[in-house]
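Below is one structure; the comments refer to it alone.
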2 protein chains.
Amino acid sequence: MEHLLRSVKIEINDKIYVKDPESSDLGKRIIEKSILMISEMGFESFTFKKLGTKIGSNESSIYRYFENKHKLLLYLTSWYWGWLEYQLVFTTNSIADTKRKLEKAIEIVTKTTVEDSSFSHINEVLLSSIVINEYSKSYLTKEVDVENKEGYFVIYKRLVTRLSAMIREVNADYKYPNSLASTILEGSLHQHFLKDHFSSLTDCHKDVDPTRYFLHLVSTILK
Amino acid sequence: MEHLLRSVKIEINDKIYVKDPESSDLGKRIIEKSILMISEMGFESFTFKKLGTKIGSNESSIYRYFENKHKLLLYLTSWYWGWLEYQLVFTTNSIADTKRKLEKAIEIVTKTTVEDSSFSHINEVLLSSIVINEYSKSYLTKEVDVENKEGYFVIYKRLVTRLSAMIREVNADYKYPNSLASTILEGSLHQHFLKDHFSSLTDCHKDVDPTRYFLHLVSTILK
DNA sequence: ACAAATATAATAGTATTACTATCATAATAT
DNA sequence: ATATTATGATAGTAATACTATTATATTTGT
């Protein structure tokens with residue numbers, strides 16, 4: 001994935017931040033170190049004060065970039081979904097066969113993230129662990145509807161919609177393309193979580209990953 | 001479901017509470033009102049201080065029942081899963097045909113909760129909305145592994161295991177019974193959430209509920 | 001009926017969180 | 001060289017998530 005991504009910027013809804021963190025060195029440090037800290041200590045223990053100390057800066061300076069840590073989480077997860085979307089579009093674009101195209105798409109969105117250094121200040125492996133462990137918390141709030149209207153979840157929604165469209169291309173008669181698409185995305189995060197913490201509740205592990213499970217599931221459903 | 005449940009007590013791991021809330025009037029009021037409050041204001045805004053005011057009692061008295069609100073959430077959700085498990089076992093027990101048995105099980109665990117007054121102080125409809133909106137937060141923590149070892153999630157795990165066993169009875173060759181079972185349970189909560197907040201990401205709505213989607217999915221997969 | 005035990009209530013206090021506001025200083029742009 | 005903008009330092013506030021202590025009910029055992 002390295003090649004093109006170096007010159008691509010993932011566009012995030014500018015209502016999510018006060019000041020674009022990509023626009024300065026301090027902003028990039030905020031992103032870089034918050035990924036390290038949230039993946040290490042979890043979202044609830046993470047605070048702007050601690051982040052300030054870590055980046056050798058001040059709590060008040062961080063507030064100039066993000067209103068609160070919830071918005072920062074929205075930023076990070078949006079970035080992740082945008083990164084996946086880019087890979088999805090780029091990789092499947094040239095595939096004509098609808099089945100192979102959908103297969104490739106499922107592989108991309110369900111696979112375990114391993115190493116990638118396209119964005120120097122963003123550790124995609126740690127970021128994907130944040131998405132697995134914290135993404136639900138970004139929308140399971142009393143403010144979802146307002147924030148959804150503000151467009152805070154557009155990238156994720158677009159990703160589900162793209163998957164859904166590919167599903168329909170394979171089988172136009174299938175009645176639940178949206179539900180299946182959202183099940184794949186959300187279910188994949190869940191299976192990844194289960195394999196790390198509730199191994200008895202999943203058949204996924206080192207060798208048999210969530211990708212295999214979902215590839216089999218989807219191909220059977222659309223047959 | 002009314003009949004038998006009146007004389008049944010749902011057993012919750014006694015490490016979850018300091019003092020059994022079922023053992024006193026105050027305890028029952030804590031459960032009753034916390035369900036109302038959490039469903040109304042969301043888990044993050046809910047505090048023991050506010051609950052104290054609501055039940056005409058004192059913050060410090062609530063701490064005699066639960067160490068913190070996280071434990072209270074574990075209690076409430078465990079109760080919910082125990083309640084579902086009871087219905088599952090009771091209803092499917094007499095069904096000999098493995099397919100019909102699994103179908104019935106899926107209906108029970110994925111359906112929208114409507115009215116039930118078996119437990120006077122517990123509003124199952126509101127409780128199910130709490131499970132949909134907050135359950136993930138109970139395990140997406142840095143303490144999962146410790147708490148899992150303490151047995152805080154046994155009821156939920158048992159429910160997944162039961163479903164998984166029924167899946168295997170229908171098709172012993174299917175490779176992912178555990179993943180499918182956990183996908184049904186978690187995915188059902190997710191589809192319910194989507195239909196309320198992200199309707200474009202699901203095909204479920206008033207008439208076509210998550211039950212239909214999962215019934216079709218599972219029957220196709222195990223064919 | 002009375003003392004002892006237990007449950008609940010009231011009050012106070014602490015460290016931390018999630019901010020806001022103000023002012024000083026450093027970097028950069030014109 | 002000056003004005004603008006970005007960052008840093010400090011202080012302050014209300015709320016949270018508790019703990020500790022003491023007082024007052026209520027229940028129970030004899």
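None of these values were measured; they are calculated from a predicted model.
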Please give, in whole Å, the distance from D:dT19 C1' to B:Ile62 CD1?
15 Å

Thinking salt bridges, do B:Glu44 and B:Lys137 make one under a 4.0 Å N-O criterion?
yes

What is the separation between atom OH on A:Tyr65 and atom C1' on D:dT5, rounded to the nearest whole Å?
11 Å

Test the B:Lys69-B:Phe43 pair against the cation-pi criterion, namely NZ or CZ under 6.0 angstrom from the six-membered ring centroid and within 45° of the ring axis.
yes

If you look at every strand shown and take non-hydrogen atoms under 4.0 Å, does A:Lys69 touch a base, only sugar-phosphate, or nothing?
sugar-phosphate

Listed pairs, N/O of protein and of nucleotides 24-29 of chain D, under 3.5 Å:
none

Report the distance from atom CG of B:Leu194 to atom CD of B:Gln191, rounding to the nearest 0.5 Å.
5.5 Å

Does B:Phe48 have any ring pair (Phe, Tyr, Trp, His ring centres under 6.0 Å) partners at least two apart in sequence or in another chain, and if so, which?
B:Tyr63

Are any non-hydrogen side-chain atoms of A:Ile122 and A:Glu32 less than 4.5 angstrom apart?
no

Please encode protein proximity along nucleotides 8-14 of chain D as a string of B, S and -, counting only heavy-atom distances under 4.0 Å.
BBB----

What do you reckon, are the aromatic ring centroids of A:Tyr139 and A:Tyr152 less than 6.0 Å apart?
no

Whole-Å distance, A:Glu44 CD to D:dT16 P, equals 17 Å

Euclidean distance, A:Asp14 CG relative to A:Asp20 CG, rounded to 0.5 Å
8.5 Å

When all nucleic acid strands are considered with a 4.0 Å heavy-atom cut-off, which category describes A:Phe48: base, sugar-phosphate, or nothing?
nothing

What's the NZ-C1' distance between B:Lys50 and D:dA15, to the nearest Å?
9 Å

Would you check if the distance from the ring center of B:Tyr156 to the ring center of B:Tyr135 is below 6.0 Å?
yes

So what does A:Phe66 hit on the nucleic acid, given a heavy-atom distance under 4.0 Å: a base, only sugar-phosphate, or nothing?
nothing

To the nearest Å, how far apart are A:Asn68 CG and D:dA15 P?
18 Å

Atom OG of A:Ser61 and atom NZ of A:Lys19: how far apart are they, to the nearest 0.5 Å?
10.0 Å

Compute the ring centroids of B:Tyr213 and A:Tyr176, then answer whether they are less than 6.0 Å apart.
yes

Nearest-angstrom distance from the residue atom CD of B:Glu67 to P of D:dA20:
13 Å

With each end axis built from five pairs of C1' atoms, what bend angle do you get for the helix from C:dA1-D:dT30 to C:dT30-D:dA1? Round to 10°.
20°

Which value, rounded to the nearest 0.5 Å, describes the distance between B:Tyr65 atom OH and B:Glu22 atom CD?
11.0 Å

Using a heavy-atom cut-off of under 4.0 Å over every strand shown, decide if A:Lys19 touches base, sugar-phosphate, or nothing.
sugar-phosphate

Report yes or no: do B:Thr110 and B:Ser188 form a side-chain donor-acceptor pair below 3.5 Å?
no

Nucleotides bounding contact with chain A, strand DNA chain C, heavy-atom threshold 4.0 Å
C:dT17 to C:dA21

B:Thr141 meets the side chain to side chain donor-acceptor pair (under 3.5 Å) criterion, sequence neighbours left out, with none

With a 3.5 Å distance limit and no angle check, can you tell me whether B:Thr92 reaches the backbone of B:Leu88 through a side-chain donor-acceptor pair?
yes

